[in-house]
A.B. asks: 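There's a structure below that I have some questions on.
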Amino acid sequence: MDVRGLASAAFPDGAFVSVSRDRTGRVWVPNSSPDKGFTEMHCMSGHSNFVSCVCILAPSETYPRGLIATGGNDNNICVFTMDQPQPLFTLKGHKNTVCTLSSGKFGTLLSGSWDTTAKVWLSEKCMMTLEGHTAAVWAVVILPEQGLMLSGSADKTIKLWKAGRCEKTFTGHEDCVRGLAVISNTEFFSCSNDTSIRRWLVTGECVQVYYSHTNYIYSLAVFPNSQDFISTGEDRTLRIWRQGECSQTIRLPAQSVWCCCILPNGDIVIGASDGIIRVFTEAEDRMASAEDLQAFEDELSKATIDPKTGDLGDIKLEDLPGREHLDEPGNRDGQTRLIKDGQKVEAYQWSVSDGRWMKIGDVVGGSNQQTSKSVMYEGKEYDYVFTIDVNEGGPSMKLPYNVSEDPWLTAHNFLQKNDLSPMFLDQVANFIIENTKGHVVGPAQPAGGDPFTGGARYIPGASDDRPGFGADPFTGGGRYIPGSDPNPSAPAGVADPFTGGGAYSSAALRQTATNIYFPKTDGVTFEQASAPQIIAKLKELNGGAPQDHKLSDEILESLEMLLMSVCEPDSSRPPPTLQQINLLWKASHWPEDIVFPVLDIMRLAVRHPLVNESLCGEAEGVQLCNHLLRLMRPEGRPANQMLALRTLCNCFTGRHGRALLMAQRETVLSHAADLATVCNKNIHIALATVVLNYAGCLHSQPDLEAKAQCLSVASRALETVQDKEAVFRLLVALGTTVASDQTAQDLARSLGVNSQISKYSSVSDPSKVAECCQLVLKELQ
């Protein structure tokens, strides 16, 4: 069955791994016999459906021979050791076929799926999901530059990701992107169903387009010189590119050449739809025997070629010359020539190395054989045009088919064109097979012939209409900020780096404390308040509020009493009442242009245990969270955004608030992260504090996915945040997340945190920024 994926193995020397539709993976090692071939060393099974991709996880202290990761049509990723037939572990999370894998440093694994997402895995856990493509993700690759990842999709685009966020989208391909290959830290190749290969800079520019293939291109691999490369595709060929030109074309006796890899010695391995793996070499001492070479040529000459596939270019069979045409030498390697031999049409290819024309197959299904029985449909000739009724009473659909085509591919394209569920695939393919019995060209397809040759817009399952997290946050808005002191103040004499803003210095403590910054597990809050000013502003705005939003004097008095009781909890004032808390909740839904003083009261009130329990409890907590997130939307008012973030920070002070925010962590952090691009330092400080409080709650927990989100949000925020206090809090959040957690440290390294934060290690004012940065870098060594 089809060989769908290949990868050069880390061990033993010269070995490679293949995966196939037969549901297995196999390790092949060079043998020392006279035929200079490869021997199967190890067979792996663990998937319940076709295996479609493979990659090697680099050797580590735990696994010095490396690991093998395989992805399949069962939606799973299996990870194997080099010597066990069953998986070491299985990664589950994708909702459709896993069709591409790439490994990075520190054990990270990147996967792409027909479910339109890519996922980042580490230590048997999904660390983050990359959402943004609108169709199947056919190709992924991790760039050498730490933290950068690429994905190519059936939506015709390539996306560059950093720390879980899409940084750039590359457009140019006219059909689905099928393969990606890294050239260097700054360049990569892509190939597509549009028959082109493109060379890109990571900055976004396409610097070269390569044409030679005549059908879909499925895979790419780059030679060690980082310039020359190879490609394979649906036109039966392996093509070798030197100095930007196609220098050699090797045709194969199989329609689909699915995959390729390059071994350390420069040999080329390819896998194809005939289930055979072939290795090509330039080294004479490794070339196959004369008998094997002749057998390959004989097999190639017996292949059948359908001109309708376009593999031979635009041809008119009736105008073809006879065999004497082969007496003239070709003018380039891989040149194709068709000749008539009696009633047959044969295809030949020029071999520069041999100086002769090699037969590459018999052409079948040409117009000279079809005129008496072909059927016209949409301007093209077909052997059959079936009428398919999918829904009773609904319109019928036409299904054109040629006997030289793969019935599974035809069925797949039919379903895609008519926006029908892939669930019908077997039914339609079997219908074609049953109704064309006795009319098959060439060797019969195996029962499970692969239909997934990359239809231009294949979208598995239903369309996904959920909004991406990357909605544009650059909306500006006003700059009015309530209060005059963005930083909380602390009681005198408390040596806490979070209480004095940039003024805090740990100089006096440097000799006695090695790390006074993290892990920080107690929540950081925003305490600063001037109750009289808040009430004055509330009354002023209430005076000008629309009549239906005016608050009565009784409500204003209740809110004032609530504020005083939470600001002076040790006084003789009575505790907040349930009625006061309900009035606060109602007032927080004031119009957004005047609500900020009410939010300021709420920010202070949630620190009180009674208010925290009432507003953050099971029944009301989700409503509070959703209300604050609405106020935080990027196009909202900066004052409301800042106060909503500060309120979330202060919710961490109570048991109910912590439970609520941990349950809503994914949504809260995602919304908060979007505010990093709002140009406002007070918002940035509040955002950094939210991340820090989450990191503190997660410090002693083994929740790697949650820690991954903290790392991702902190890393993304550091790209835009300038304020030193916000930077400091983000550094403490990073330190708290990775402290005493080896897996979190590995993930931080793979996201490129080291190189991202190193610039802060020399900040002199405030000194706490450099001190904390150096301690984080020490953790990540």
A.B. asks: Could you tell me if the side chain of Glu719 sits less than 4.5 Å from the side chain of Arg165, heavy atoms only?
C.D. replies: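 They are not in contact (no side-chain heavy atoms under 4.5 Å apart), so the answer is no.
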
A.B. asks: Report the distance from atom CG of Leu751 to atom CZ of Arg716, rounding to the nearest 0.5 Å.
C.D. replies: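 One gets 11.0 Å once the value is rounded to the nearest 0.5 Å.
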
A.B. asks: Taking atom types as modelled, is there a side-chain donor on Thr577 or Gln579 under 3.5 Å from an acceptor on the other?
C.D. replies: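 There is no such pair between these side chains.
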
A.B. asks: Using the side-chain hydrogen bond (donor to acceptor under 3.5 Å, both in side chains) criterion, which residues pair with Ser151? Sequence neighbours excluded.
C.D. replies: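 Ser151 satisfies side-chain hydrogen bond (donor to acceptor under 3.5 Å, both in side chains) with His133, Trp161 once adjacent residues are dropped.
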
A.B. asks: Ignoring hydrogens and geometry beyond distance, is a side-chain donor-acceptor pair present between Ser565 and Arg573 at under 3.5 Å?
C.D. replies: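 No donor-acceptor contact under 3.5 Å links the two side chains.
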
A.B. asks: Kindly state each residue pair satisfying ring pair (Phe, Tyr, Trp, His ring centres under 6.0 Å) with at least one member in residues 643-670, sequence neighbours excluded.
C.D. replies: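 Counting only pairs at least two positions apart or across chains, the ring pair (Phe, Tyr, Trp, His ring centres under 6.0 Å) contacts touching residues 643-670 are Phe652-Tyr694.
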
A.B. asks: Once salt bridge (Lys or Arg N to Asp or Glu O under 4.0 Å) is applied, what residue pairs with a partner in residues 730-748 remain, sequence neighbours excluded?
C.D. replies: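 Only Lys707-Asp741, Asp746-Arg749 qualify under salt bridge (Lys or Arg N to Asp or Glu O under 4.0 Å).
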
A.B. asks: Is there a side-chain contact between Glu560 and Lys539 in this structure, where contact means two heavy atoms from C-beta onward sitting under 4.5 Å apart?
C.D. replies: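 Counting from C-beta outward, Glu560 and Lys539 do come under 4.5 Å.
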
A.B. asks: Does any N or O in the side chain of Gln774 come within less than 3.5 Å of the main-chain N or O of Ser761, such that one atom is a donor and the other an acceptor?
C.D. replies: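 Yes, because the side chain of Gln774 sits within donor-acceptor range (under 3.5 Å) of the backbone of Ser761.
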
A.B. asks: State which residues pass ring-ring contact (aromatic ring centres under 6.0 Å, His included) with Trp585; sequence neighbours excluded, sorted by chain then number.
C.D. replies: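 If we apply the ring-ring contact (aromatic ring centres under 6.0 Å, His included) test to Trp585, skipping adjacent residues, the hits are His589, His627.
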
A.B. asks: Distance-only, no hydrogens or angles: does the Asn754 side chain make a donor-acceptor pair with backbone N or O of Gln781 under 3.5 Å?
C.D. replies: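 No, Asn754 side chain to Gln781 backbone: no donor-acceptor pair under 3.5 Å.
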
A.B. asks: Compare all side-chain heavy atoms of Val769 with those of Pro766 and state whether any distance is below 4.5 angstrom.
C.D. replies: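 With C-beta onward as the side chain, the pair touches.
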
A.B. asks: I'd like to check the side-chain hydrogen bond (donor to acceptor under 3.5 Å, both in side chains) partners of Gln623; sequence neighbours left out, ordered by chain and number.
C.D. replies: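 Gln623: no side-chain hydrogen bond (donor to acceptor under 3.5 Å, both in side chains) contacts found.
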
A.B. asks: Tell me, which pairs form a ring pair (Phe, Tyr, Trp, His ring centres under 6.0 Å) where one or both residues lie in residues 724-765, sequence neighbours left out?
C.D. replies: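 Applying ring pair (Phe, Tyr, Trp, His ring centres under 6.0 Å) to every pair that reaches into residues 724-765, excluding sequence neighbours, yields Phe498-Phe728, Tyr517-Phe728.
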
A.B. asks: Would you say that Asn185 contacts Leu143 through its side chain, given a criterion of any heavy-atom pair below 4.5 Å between the two side chains?
C.D. replies: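 Asn185 vs Leu143: side chains apart.
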
